[in-house]
Structures are given as structure tokens and as C-alpha cells.
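Read the structure below first, then the notes.
Both backbone and side-chain heavy atoms feed into the values below; hydrogens, waters and symmetry mates do not. This one's a predicted model, so the numbers in the text were calculated from it and none came from an experiment.
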Amino acid sequence: MSPTHVTKKMSDLIYKYWLQRFETCQRCTFSKTMLLDIITCGTPVVGEVVRVEGKDVKLCGCIMKLKAKLESATCPLNLWENDNDTNKG
């Protein structure tokens, strides 16, 4: 397998992983859509606290198109596949 083929395969997997996360964000009832279709997790930059299943959850306010690309990032609501109970940011 050539290095180019491996790089392309990795790139495709990273894109698929990002797309799954981003589509989850688009469907989230707490996401906000701003100008130019920028989607944020709650109120842009500052986030907000929401009540979910009897618990207060702090939304991050991040721009989700960017955050979804960060492998170490998690969803405050643990909605991303492979999220665990620990929020990394």
C-alpha cells in the first residue's frame, strides 16, 4: 500500500468521524445557528447552562465545525459517538 493511499484512507476516516459529530450538533436542540450558517453549542463563546434529565449541563459556546475536528474534544451532552462521561472540552 503506497503512502498516498494510506494518507487518503486516513483522511476519509477523519472526515467521516468529523461529519458524524457535526451532523449530531446540527440536530441538537441546544445548537444556535448564526450568520453564514455557523453553528455553536449554545450561546456563542460563553455557552450557557441548560437542564437535561434533571441535571445542569454547561454548554461550551464553541463553533462546532471547528470543535468537531478536535479528536480530544467531547460533547457537553455526551452525544458524540465514543464520548465518555468525562468532558475534555
Do the non-hydrogen side-chain atoms of Lys65 and Ile38 ever get within less than 4.5 Å of each other? no

Answer yes if Ile63 and Met34 sit in the same cluster of Ile, Leu, Val, Met, Phe, Trp and Tyr residues linked by side chain heavy atoms under 4.5 Å apart, and no otherwise. yes

Under the rule for side chain to side chain donor-acceptor pair (under 3.5 Å), what residues qualify as partners of Ser31, not counting sequence neighbours? none

Without swapping roles, check the side chain of Arg21 against the backbone of Leu70 for a donor-acceptor pair under 3.5 Å. yes

Can Leu66 be reached from Phe22 by stepping across I, L, V, M, F, W or Y side chains whose heavy atoms are under 4.5 Å apart? no

dist Arg51:CZ -> Asp56:CG (nearest 0.5 Å) comes out at 4.5 Å

Minimum heavy-atom distance Thr43-Lys32, with the two atoms named: N-CE, 4.0 Å

How long is the span from the CH2 atom in Trp80 to the CH2 atom in Trp18, to the nearest 0.5 Å? 11.5 Å

Nearest 0.5 Å, what's the CG-CD1 distance between Leu19 and Ile14? 13.5 Å

Inter-residue atom distance Lys69.NZ - Tyr17.OH, 0.5 Å rounding: 14.0 Å

Please identify each residue that fulfils ring pair (Phe, Tyr, Trp, His ring centres under 6.0 Å) with Phe30, with sequence neighbours left out. none

Test your reading of the model: is there a side-chain donor-acceptor pair from Glu48 to the backbone of Gly42, 3.5 Å cut-off? no

Nearest 0.5 Å please: distance from the CE atom of Met64 over to the SG atom of Cys28. 8.5 Å

d(Thr33 OG1, Ile39 CD1) to nearest 0.5 Å is 4.5 Å

Sub-4.5 Å side-chain heavy-atom contact between Lys67 and Cys41: no

Pairwise side-chain contact, Leu59 with Leu77, heavy-atom cut-off 4.5 Å (strictly under): yes

